[in-house]
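Counting starts at 1 for both ligands and their atoms, in listed order.
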Amino acid sequence: MSNLSVVGLQWGDEGKGKIIDYLAGRYDAVARFNGGSNAGHTVVIGGMKHTFHLIPSGALKGKELLVGAAVALDPVVMGEELSLLPDDVRRRLLVDGRCGVVSPVDKDFDRMLEEMRGQSAIGTTRRGIGPSYALRALRLTPRVSDLVDGFDFGPLTDFYRKLSLDPAGLISWAEDSKKLLRDMVGNVSSRVAEITEKGGSVLFEGSQGTLLDLMHGSYPYVTSTHTTASYIPSALGIPPSMAGSALGVTKCYATRVGGGPFPTEITGPLADSIRSLGKEYGATTGRPRRVGWLDLVALKYAIALNGATEIAVSKLDVLSQVKDFRVCTSYRYQGKLTTDFQSALGHLDEVEPVYDSPLSIHGASFAGGIPDEISKLIDYLEERLKVRVSLVSHGEERSETIEV
Ligand code: IMP
Ligand code: MG
């Protein structure tokens with residue numbers, strides 16, 4: 001079996017955590033490759049809900065857990081997360097020494113930037129992720145290895161002070177972080193290479209979604225890192241040939257949390273009902289998510305960017321409880337139709353979605369496997385998107401996943 005990445009094809013919250021947990025049994029390790037504690041990956045087993053922010057979602061499958069160098073690592077969040085998980089998780093965890101860390105001051109910095117933006121705030125998770133990555137580019141962010149080996153905090157504290165941010169407490173935070181991290185720090189690049197070269201395989205866990213990618217998403221309403229499978233080699237420090245293939249995850253509708261354009265957004269009672277049926281509230285921030293129809297224009301773009309050869313479609317139980325079913329098949333802009341998301345990126349807030357109502361999935365029941373209505377939907381999506389639908393998810397429980 002070769003390596004596989006699981007990436008989000010929308011604005012995050014597609015259900016990646018559940019799919020990773022489902023697939024993890026077939027791999028030797030799960031490696032998180034991007035983002036930080038802004039992510040919230042949820043796995044539900046027997047009614048027990050686990051939300052992962054930094055620990056790879058293979059934690060409950062007994063697998064080796066790797067956190068790659070491009071992850072913005074918040075030691076406080078990692079410590080809290082570990083305290084809620086069985087002890088053996090800690091023993092299975094390897095954090096790359098080159099990860100940049102997120103300090104408590106980065107969270108103040110994040111809040112300050114959002115307040116400064118006022119009306120045009122991005123709606124970040126305020127987890128300090130953007131500031132940590134920005135300071136990394138400025139060569140000021142300590143790495144995990146720096147916390148463990150000793151770091152000169154002088155330039156960083158001076159910088160924070162110049163921005164009127166209070167660096168007091170940084171030294172004791174660094175001491176506590178060192179205690180937590182020293183037993184788990186290592187080299188994730190060589191571990192992935194070792195597993196792969198011995199004939200084993202690694203599942204790569206992406207966070208956020210393609211449309212939130214710093215370069216290729218709806219900038220500036222994006223996250224502060226790359227979110228696509230193309231990032232895996234440099235993020236983990238492995239050759240491109242080791243990245244394997246990509247499985248994209250999409251809901252059968254769309255959600256977005258935070259600001260920014262969302263062409264297929266709907267509001268009113270139907271949106272409220274989908275939000276409530278789908279429990280569409282942020283796993284990290286608790287914010288209600290904006291809700292809309294599935295956007296095939298955006299999805300095609302995301303599939304292409306990731307080179308996804310298969311997709312998982314989630315939340316089918318939600319839309320099967322709703323009478324209306326639509327998908328956006330093109331955008332109208334200045335009187336012209338387009339299916340090219342890339343060319344629409346500059347004016348996404350002005351496009352008018354054109355919908356198709358291909359079929360009804362209302363009342364579909366999953367009791368006996370994949371119902372006819374869903375088979376038809378799978379055919380429709382495969383035909384339109386030129387990609388295989390390999391998994392469908394029809395509930396939050398681990399058991400509510402079907403292989404197509
Ligand atoms: P940041 O990543 O906290 O800087 O937030 C930037 C944007 O990405 C905001 O719109 C956030 O709501 C969004 N975002 C960040 N992480 C996630 C995630 O894991 N799921 C969904 N949206 C996210
Ligand atoms: Mg999430």
Problem set entry | Test: Arg326 cationic atom under 6.0 Å from Tyr355 six-membered ring centre, within 45° of axis | yes
Exercise. In the protein, how many N/O/S atoms are under 2.8 Å from the Mg ion (ligand 2)?
Worked result: 2
Exercise. What distance separates Lys386 NZ from Ile303 CD1, expressed to the nearest 0.5 Å?
Worked result: 11.5 Å
Seminar exercise, completed: If you scan protein heavy atoms around atom 15 (C) of ligand 1, the nearest is Gln208 CG, 3.7 Å
For this session: Please tell me if the side chains of Tyr27 and Val202 come closer than 4.5 Å, counting only heavy atoms from C-beta onward.
Result: no
Exercise. Under 3.5 Å between some N or O of ligand 1 and some N or O of Ser224?
Worked result: no
Exercise. So, Thr250 versus Glu14: side-chain donor-acceptor pair below 3.5 Å or not?
Worked result: no
Exercise. Quick one: nearest non-hydrogen protein atom to atom 2 (O) of ligand 1, plus distance?
Worked result: Thr223 OG1, 2.6 Å
Problem set entry | Atom CE of Met116 with >12 non-hydrogen neighbours under 6.0 angstrom | yes
Problem set entry | ligand 1 contacted by His41 (non-hydrogen, < 4.0 Å) | no
Exercise. Between Asn187 and Ser190, is any side-chain donor less than 3.5 angstrom from a side-chain acceptor?
Worked result: yes
Seminar exercise, completed: Atoms of ligand 1 under 4.0 Å from any heavy atom of Gly123, numbered from 1 in the order shown, are 9 (C), 10 (O), 11 (C), 12 (O)
Exercise. Will you find, in the side chains of Ser103 and Tyr160, an N or O donor that is under 3.5 Å from an N or O acceptor?
Worked result: yes
Problem set entry | ligand 1 atoms in contact with Trp11 (distance to a heavy atom under 4.0 Å) | 21 (C), 22 (N)
Problem set entry | Closest approach of any protein heavy atom to atom 21 (C) of ligand 1, naming residue and atom | Asp13 OD2, 3.1 Å
Exercise. Do any N/O atoms on Val257 end up under 3.5 angstrom from N/O atoms on ligand 1?
Worked result: yes
Exercise. Strictly by modelled atom types, are Thr339 and Lys300 linked by a side-chain donor-acceptor pair under 3.5 Å?
Worked result: no
Exercise. Taking atom 14 (N) of ligand 1 as the point of reference, which of Asn38, Leu212, Thr285, Thr124 owns the nearest heavy atom?
Worked result: Leu212
Exercise. So, Tyr333 versus Tyr331, ring centres under 6.0 angstrom or not?
Worked result: no
Exercise. Between the side chains of Asp13 and Thr255, does any donor sit under 3.5 Å from an acceptor?
Worked result: no
Exercise. Atom CG in Leu377, atom CD in Glu373: separation rounded to 0.5 Å?
Worked result: 10.0 Å
Exercise. Between Arg287 and Thr285, does any side-chain donor sit less than 3.5 Å from a side-chain acceptor?
Worked result: yes
For this session: Note the single closest protein heavy atom to atom 6 (C) of ligand 1, along with its residue, its atom name and the distance in Å.
Result: Val222 O, 3.4 Å
Seminar exercise, completed: Restricting to heavy atoms, the pick from Ile129, Leu214, Thr125 nearest atom 3 (O) of ligand 1 would be Thr125
Problem set entry | Shortest protein contact, atom 19 (O) of ligand 1 (heavy atom only) | Ala39 CA, 3.2 Å
Problem set entry | Arg287 N/O to ligand 1 N/O under 3.5 Å | yes
